[in-house]
Amino acid sequence: MTALTVLAAETPSLVQSVDWLAIAPVVITAVVGLAVLVADLFTAERHKPVLGWISVAGLAAATATLLPLRTGDRSTFCLTADPEACSYVADHFTVVVQFLVLAGALLTALLSVTAVRDTRMPAGEFWFLLLSSAAGAALLPASRDLATLIVALEVASLPAFALVGMRRGDRLSSEAALKFFLSSVTATAVSLMGVSFVYAVTGSLHLTQVADRLEDVPGQLDTLAMAGVALTLVGFAFKTAAVPFHFWVPDTYVGAPLPIAGYLSVIGKAVGFTGLILVTVIAFPAYSQIWGPAVAVLAALTMTLGNAAAVRQSADLPNSAVRLLAWSSVGQAGYLLVPIAAAAYSERDQIGSTLAYALMYAAVNLGAFAVAALVARTKPLHRISDYRGLYAERPLAALSLAFFLLCLAGLPPGIIGLFAKVTVFQSAVDAGLGWLAVLMAVNVVVALYYYLRWTALLFRGPEGAEGGPEAAGARTKAPWPVAAAIVATAITALVLSGAPQLVLRVASGSLFTQ
């Protein structure tokens, strides 16, 4: 008995307490998703819209739980032998990205309330899948081991495949879902191979331990470690739509319900960039000579190809508006990659530039998709030419879309867009990546063409053929959830344009520590 007592005293306890407040945003989102799925079984068809409002309330509650987390770092699921190695960390970086994810999912839910009803998509399945994907996306920024990172990535992705193909009987929707699924699964398989290589070299999956052990890799394992680092980045580069992993974007956005296309353009990218930041800056700093140039090249290719393809979009072709937003999002992804590449050559605080740009991009891009959802109610072909004369039909919607496009272009009065681009540009210059800064400046000028072309179209007189019943129908009252999403994003962009330094303060974490 005495020997057993001594042994028990010397053996570290494997039982650990769970910080429920730290994991509350993820848990609430997941629990509400399960509750909606079960409630769907007992809800009459005429009461199905209630499930959407339960989902909206759940996402709002999950977002509200971030408030008590802003005051300090919290962690849970840590190793008993190494308390510094934790699987879940709620630091400033986590809180900022979780706010982006959950607030973006909340706006998507508002847009989807009307879309689910009008297109008769299965309500229970739709809301369960959206909340499940949001829970995975909220888990990823808090993940601090490679296994949890990959699981979170897949939890965010797998429901998205089904959401893209939710429009039953639509060939484009089914084709987009299949293309998205096959390409994503391939990218994830490559990343898993990279993770296995990293584990073989380091013997650990926790990011901090991986970083320490990669500092001193035996010579015979160095090639294996370099291969593991490169392959691990593939899955996250796919999510960011970085070239050459971008080919799924245009068809997927066109085939998906419009709110889901907006969700993928913002939340999907947030997942990819968050994963890239965690594995490069925290886990693989010892191999920055590998991932630094690779990310820089990805940034250059992505912004160039994205903007070049966006310029080529014809205003009169069906789905041209969605395709332009899709290619624009690819170009914007290139800008977002620049500070990550710069982090390989300078201090880690360059990452604040990526977060600042991501916050700006999330607000204005979701706003643009919200206006597109409103226009699509009367003009379902999603052509850029459908926006001609929008100011005469819906002045507030036209002004909002014009402001969003100017923010994306980086032109006044979209000061927040200009500020974000200057911040990213400065990160490249500070890191000595002058060639990348010059290429970014060229691409920003190229992007002005298609953003300004669309903006000018909003204020032109409507064509004579569109002055009849269709135009009258366009003046019908907008559904209030869609209007609320447009107003919320427009106010956010206006406030941030008035105080652009607020974004960088939030991204750098200084706001949370005051």
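Computed from a prediction, not measured in an experiment: that's the story for all the values here.
Summarising the geometry, atom CD1 belonging to I416 is positioned 8.0 Å from atom OG1 belonging to T423; distances are rounded to the nearest 0.5 Å. A distance of 8.5 Å separates CG in D40 from CD in E45, rounded to the nearest 0.5 Å. Separating the CG atom in N443 from the CG atom in N307 is a distance of 4.5 Å, to the nearest 0.5 Å. Rounding to the nearest 0.5 angstrom, the gap separating the CG atom in L325 from the CZ atom in F369 is 4.5 Å. The line from OG of S173 to CG of L178 is 11.5 Å long, rounded to the nearest 0.5 Å. Atoms CG and OG, from L153 and S143 in turn, are 10.0 Å apart once rounded to the nearest 0.5 Å.
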Under the side chain to side chain contact (heavy atoms under 4.5 Å, CB included) criterion, do V266 and L100 qualify, and how do the steps go? CA-CA 9 Å; V266 172; L100 189 159; 4.0 Å; yes
I'd like to know whether F161 forms a side chain to side chain contact (heavy atoms under 4.5 Å, CB included) with L158, so could you lay out the CA-CA distance, the side-chain angles of the two residues, the decisive distance to 0.1 Å, and finally the verdict. CA-CA 5 Å; F161 306 148; L158 290 174; 3.4 Å; yes
One pair to check against side chain to side chain contact (heavy atoms under 4.5 Å, CB included): V198 and V195. What are the steps and the verdict? CA-CA 5 Å; V198 171; V195 170; 5.6 Å; no
Mind running side chain to side chain contact (heavy atoms under 4.5 Å, CB included) on I277 and T354 for me, showing each step along the way? CA-CA 9 Å; I277 290 170; T354 288; 4.1 Å; yes
Quick one, Y263 with S133, criterion side-chain hydrogen bond (donor to acceptor under 3.5 Å, both in side chains). Give me CA distance, side-chain angles, the key distance, then yes/no. CA-CA 10 Å; Y263 176 85; S133 179; 2.8 Å; yes
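At distances below 3.5 Å, not a single donor-acceptor pair connects side-chain atoms of K239 with backbone N or O atoms of F273. Remark: side-chain polar atoms of T304 are not paired, donor with acceptor, to backbone N or O of L301 under 3.5 angstrom. Judged by distance alone, the side chain of T240 and the main-chain N or O of A237 form a donor-acceptor pair under 3.5 Å. Using modelled atom types, one side-chain atom of T94 and one backbone atom of V89 make a donor-acceptor pair closer than 3.5 Å. Looking at T302, its side chain does come within 3.5 Å of a backbone N or O of V243 through a donor-acceptor pair. The closest donor-acceptor contact from the side chain of Y88 to the backbone of A22 lies under 3.5 Å.
For residues 239-262, the pairs satisfying ring-ring contact (aromatic ring centres under 6.0 Å, His included) are F180-W248, F238-W248, H246-W327, with sequence neighbours left out. The list of ring-ring contact (aromatic ring centres under 6.0 Å, His included) pairs with a residue in residues 129-157, not counting sequence neighbours, is empty. Within the structure, side-chain hydrogen bond (donor to acceptor under 3.5 Å, both in side chains) contacts touching residues 274-294 (residues at least two apart or in different chains) are D222-Y287. Applying the salt bridge (charged side-chain N to carboxylate O under 4.0 Å, His left out) test to every pair with at least one member in residues 138-166, sequence neighbours left out, gives these pairs: D91-R144. Applying the ring-ring contact (aromatic ring centres under 6.0 Å, His included) test to residues at least two apart or on different chains, none of the pairs has a partner in residues 126-158.
Looking only at side-chain heavy atoms (C-beta outward), L106 and V56 come within less than 4.5 Å of each other. Inter-residue side-chain proximity for V151 and V155 is flagged as met; some heavy-atom pair is nearer than 4.5 Å. With a 4.5 Å cut-off on side-chain heavy atoms, L264 and V164 count as touching. In this structure, the side chains of L51 and K48 come closer than 4.5 Å at one or more pairs of heavy atoms. Side-chain contact check for V26 versus Q98: some heavy-atom pair is nearer than 4.5 Å. Taking 4.5 Å as the limit, some side-chain heavy atom of T188 sits within range of a side-chain heavy atom of S184. Residues V210 and L207 fail the side-chain proximity criterion, which asks for heavy atoms closer than 4.5 Å. Looking at L305 and V330, their side chains never come closer than 4.5 Å, going by heavy atoms from C-beta outward.
Considering every non-hydrogen atom in both G104 and I267, the closest pair reads CA-CD1, 3.8 Å. Contact between A62 and T65 at its shortest, heavy atoms only, is O-OG1, 2.5 Å. Contact record, L324 with A310: CD1-O, 4.1 Å, taken as the closest heavy-atom pair. Across every non-hydrogen atom of A211 and I282, the tightest pair is CB-O, 3.1 Å. Smallest separation of non-hydrogen atoms from T489 and I486: OG1-O, 2.9 Å. Closest approach of A370 to A485, counting heavy atoms only: CB-CB, 4.3 Å.
For Y357, the side-chain contact (heavy atoms from CB on, under 4.5 Å) criterion is met by Q332, Y335, L336, M360, Y361, A420, K421, V424, not counting sequence neighbours.
In this structure, M121 places its CE atom where more than 12 heavy-atom neighbours from other residues, nucleotides or ligands lie under 6.0 Å away.
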